[in-house]
Student: 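This is the structure, below, for whatever I ask next.
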Amino acid sequence: MKRLSATTVLWPVVGALLLALAAARVVHAHESRMVGPYQFVVGFANEPAFEGQANGVQLRVSRTDGQEAAPVEGLEQTLQVEVTHVESGIADVMALRAVFGDPGHYTNDWIPSAPGQYRFRFIGDVEDLAVDEIFESGPDTFNSVEPADELYFPEPVPAARELEGGVRGAQSAADEALGAALDVQAQLSTLRTLALAAIGLAVAAIVVGAVAFLTARRS
């Protein structure tokens, strides 16, 4: 009988441990929570999530009230999600769509334009249950959005927020230059008015002087 070496015995164990760690990482990328009799599993549609890359909310809903878990369909008609970038506080209410061929699975399409934490607030109805439930990315829930600067190759591409900042700076400089030009134009207009008034007064003085001279000469 062939004797197995320690290495041969250990490799399957190591492989099983690596698979378990990988599975745990995948599960950690989404947050699972019971909302009444329904299980919500929430995260980003594409993990890990990077700024400037197409992504969206991912939601799976199943009913688990003492029976075998069953996916809940039709929620694209009754449920919405409010997406908030936590750092800036900017929020928008978005529709959900059902994923074709995968009952109980919902998503939407948008591009995170800034890294950091995001909050998903689900509002509406799940069958007969009114829902107002908040899920927030973080170390104990699901992944936040990561900066994309280290992914670009061979040349770095400015992030959307950097381009926006540059545009805002250029717009501010242009506004200041326009304001200064308008101020100069207003000053020139005032000087032109004063000059015309002075010329008018001078002409009037010359006319009055000429009339006085002629009157004195006739006398």
Student: Write down the atom of S144, the atom of G116, and the distance for their closest heavy-atom approach.
Tutor: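 Taking every non-hydrogen atom into account, CB-O, 3.2 Å.
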Student: Can you tell me how the ring of F40 sits relative to the ring of F122, calling it parallel under 30°, perpendicular over 60° and tilted otherwise?
Tutor: perpendicular
Student: Apply side-chain contact (heavy atoms from CB on, under 4.5 Å) to the pair T64 and M34, showing each step before the final yes or no.
Tutor: CA-CA 9 Å; T64 59; M34 293 302 298; 3.1 Å; yes
Student: Quick one: does any side-chain atom of N46 pair with a main-chain N or O of G56 as donor and acceptor, under 3.5 Å?
Tutor: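 A pair under 3.5 Å: no.
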Student: If you measure from the Lys or Arg side-chain nitrogens to the Asp or Glu carboxylate oxygens, is any gap between R97 and E76 under 4.0 Å?
Tutor: no
Student: Inspect the surroundings of CD in E127 and state if more than 12 heavy atoms from other residues, nucleotides or ligands are less than 6.0 Å away.
Tutor: yes
Student: Is it true that a side-chain atom of S62 and a backbone atom of A70 form a donor plus acceptor pair closer than 3.5 Å?
Tutor: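 Flag not set: sc S62 to bb A70 has no pair under 3.5 Å.
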Student: How far apart are the C-alpha atoms of Q58 and V99, what are their side-chain angles, what is the distance that settles it, and do they pass the side-chain contact (heavy atoms from CB on, under 4.5 Å) test?
Tutor: CA-CA 10 Å; Q58 186 177 74; V99 177; over 6 Å; no
Student: Can you name the nearest heavy-atom pair linking A130 to D125, along with the distance?
Tutor: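 Minimum heavy-atom separation between A130 and D125: CA-OD1, 3.4 Å.
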Student: Would you say the side chain of V81 lies within less than 4.5 Å of the side chain of L59, judging by non-hydrogen atoms?
Tutor: no
Student: Does a side-chain heavy-atom distance below 4.5 Å link E146 with L151?
Tutor: no
Student: To the nearest 0.5 Å, what is the distance between OG1 on T141 and CZ on R119?
Tutor: 11.5 Å
Student: For the atom pair CD (E31) and CG (N143), what is the distance rounded to the nearest 0.5 Å?
Tutor: 12.0 Å
Student: Compare every heavy atom of A54 with every heavy atom of I111, then report the nearest pair and how far apart it is.
Tutor: CG1-CA, 3.9 Å
Student: How would you list, by chain and number, every residue that makes a ring pair (Phe, Tyr, Trp, His ring centres under 6.0 Å) with H85, sequence neighbours excluded?
Tutor: Y118
Student: Do I134 and L79 belong to the same hydrophobic cluster, where Ile, Leu, Val, Met, Phe, Trp and Tyr are linked whenever their side-chain heavy atoms lie under 4.5 Å apart, directly or via other members?
Tutor: no
Student: Which pair of non-hydrogen atoms, one from A45 and one from N55, has the smallest distance, and what is that distance?
Tutor: N-OD1, 3.2 Å
Student: Determine the minimum heavy-atom distance between E51 and V145, stating which atoms define it.
Tutor: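 Closest approach of E51 to V145: N-CG1, 3.4 Å.
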Student: Between F120 and F142 (judged by ring centroids, cut-off 6.0 Å), do the two rings come close enough to count as a pair?
Tutor: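 Yes, close enough.
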Student: Check whether V83 and I123 end up in the same hydrophobic cluster, where Ile, Leu, Val, Met, Phe, Trp and Tyr are linked by side-chain heavy atoms less than 4.5 Å apart.
Tutor: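 No; tracing contacts between hydrophobic side chains, which count when under 4.5 Å, never links both residues.
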Student: side-chain contact (heavy atoms from CB on, under 4.5 Å) with P71: which residues, sequence neighbours excluded?
Tutor: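 Counting only residues at least two positions away or on another chain, P71 forms a side-chain contact (heavy atoms from CB on, under 4.5 Å) with P103.
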Student: Could you tell me the separation between the OH atom of Y38 and the CG atom of L129, rounded to the nearest 0.5 Å?
Tutor: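 Answer for the OH-CG pair, Y38 versus L129, is 6.0 Å.
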Student: In Å and rounded to the nearest 0.5 Å, what is the CD to OG1 distance from Q185 to T190?
Tutor: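 Between atom CD of Q185 and atom OG1 of T190 there are 10.5 Å.
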Student: Any side-chain to backbone donor/acceptor pair from T193 onto S189? Under 3.5 Å, distance only.
Tutor: yes
Student: Kindly compute the distance separating CE (M94) from CH2 (W110), expressed to the nearest 0.5 Å.
Tutor: 5.5 Å
Student: With a 4.5 Å cut-off on side-chain heavy-atom distances among I, L, V, M, F, W and Y, is there a chain of contacts connecting L75 to V35?
Tutor: yes
Student: How long is the gap from CD on E133 to CZ on R121, to the nearest 0.5 Å?
Tutor: 10.5 Å
Student: Of all heavy-atom pairs between H30 and F44, which one has the smallest distance, and what is that distance?
Tutor: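 Reported closest heavy-atom pair: NE2-O, 3.4 Å.
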Student: Does the side chain of H105 come within less than 4.5 Å of F100's, by heavy atoms?
Tutor: no
